[in-house]
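Here the structure is laid out as structure tokens; the discussion comes afterwards.
All figures in this text were calculated on a predicted structure; none of them were measured in a lab.
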Amino acid sequence: MAIEITYLASTTLIKTSILCFYRRMTGSLKNGFVRWVYGSIVFCILYGILFILLIIFTYSPIVGFFRLFDVAWRLQHELHYLDEGAIVVACAIVSTVQDLVICLLPIFLVWNLRMGKRQKAGLCGIFAIGLV
């Protein structure tokens, strides 16, 4: 549980940090790109909070997570739980979509710059390396 929560918290904070850098990089722009950045920040924070709460409350009572294989405890207490595998898969899918959006956002910013098409394509290629 600690590993899952730490992973979720760290990836959420890293993604938010990257998006804050994008916002800082754009300066005083007031266009669709900035709205996408703010929307992505909100989505990342909500994703982190939601999945952390889902992981914490997967087992009811919560202590059941730590007593899952304690037969004596299980005989005395009733344990209700959600499908942890489905939660992890849903978390991975949403995280992958977020990564894709975060990697593609600078490409839209670069495409509006005044430079040659070869330079634009090269710069977009550098940003696209993040997808790998």
So [Y] and [X], do their side chains get closer than 4.5 Å, heavy atoms only?
{"X": "Leu54", "Y": "Cys91", "value": "no"}
{"X": "Tyr22", "Y": "Ile102", "value": "yes"}
{"X": "Cys44", "Y": "Gln98", "value": "yes"}
{"X": "Val88", "Y": "Glu4", "value": "yes"}
{"X": "Leu105", "Y": "Leu19", "value": "yes"}
{"X": "Ser60", "Y": "Leu79", "value": "no"}

>> Show, in sequence, the C-alpha distance, side-chain angles and deciding distance for Phe33 and Arg23, and conclude whether the side chain to side chain contact (heavy atoms under 4.5 Å, CB included) test is met.
In response: CA-CA 9 Å; Phe33 178 80; Arg23 175 60 189 109; over 6 Å; no

>> Who clusters with Ile93? Use side-chain heavy atoms, under 4.5 angstrom, across I, L, V, M, F, W and Y, and order the result by chain and number.
In response: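 Ile93 shares its hydrophobic cluster with Val89.
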
> Under 6.0 Å from the CG atom of Leu75, do we count more than 12 heavy atoms belonging to anything else shown?
Replying inline: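 For Leu75, atom CG is crowded (more than 12 foreign heavy atoms under 6.0 Å).
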
>> With no hydrogens and no angle check, just 3.5 Å: does a side-chain donor-acceptor pair link Lys15 and Ser95?
In response: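 Judged by distance alone, the side chains do pair up.
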
>> Can you pull out every ring pair (Phe, Tyr, Trp, His ring centres under 6.0 Å) where at least one residue sits in residues 73-101? Sequence neighbours excluded, please.
In response: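 The answer is Tyr59-Tyr81, Trp73-His77.
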
>> Counting the benzene-type ring for Trp, do Tyr47 and Phe43 have ring centres under 6.0 Å apart?
In response: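 Ring centroids of Tyr47 and Phe43 are no less than 6.0 Å from each other.
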
>> Going by side chain to side chain contact (heavy atoms under 4.5 Å, CB included), name the residues that satisfy it together with Phe21, two or more places apart in sequence or in a different chain.
In response: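 Once residues adjacent in sequence are excluded, the partners of Phe21 under the side chain to side chain contact (heavy atoms under 4.5 Å, CB included) criterion are Met25.
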
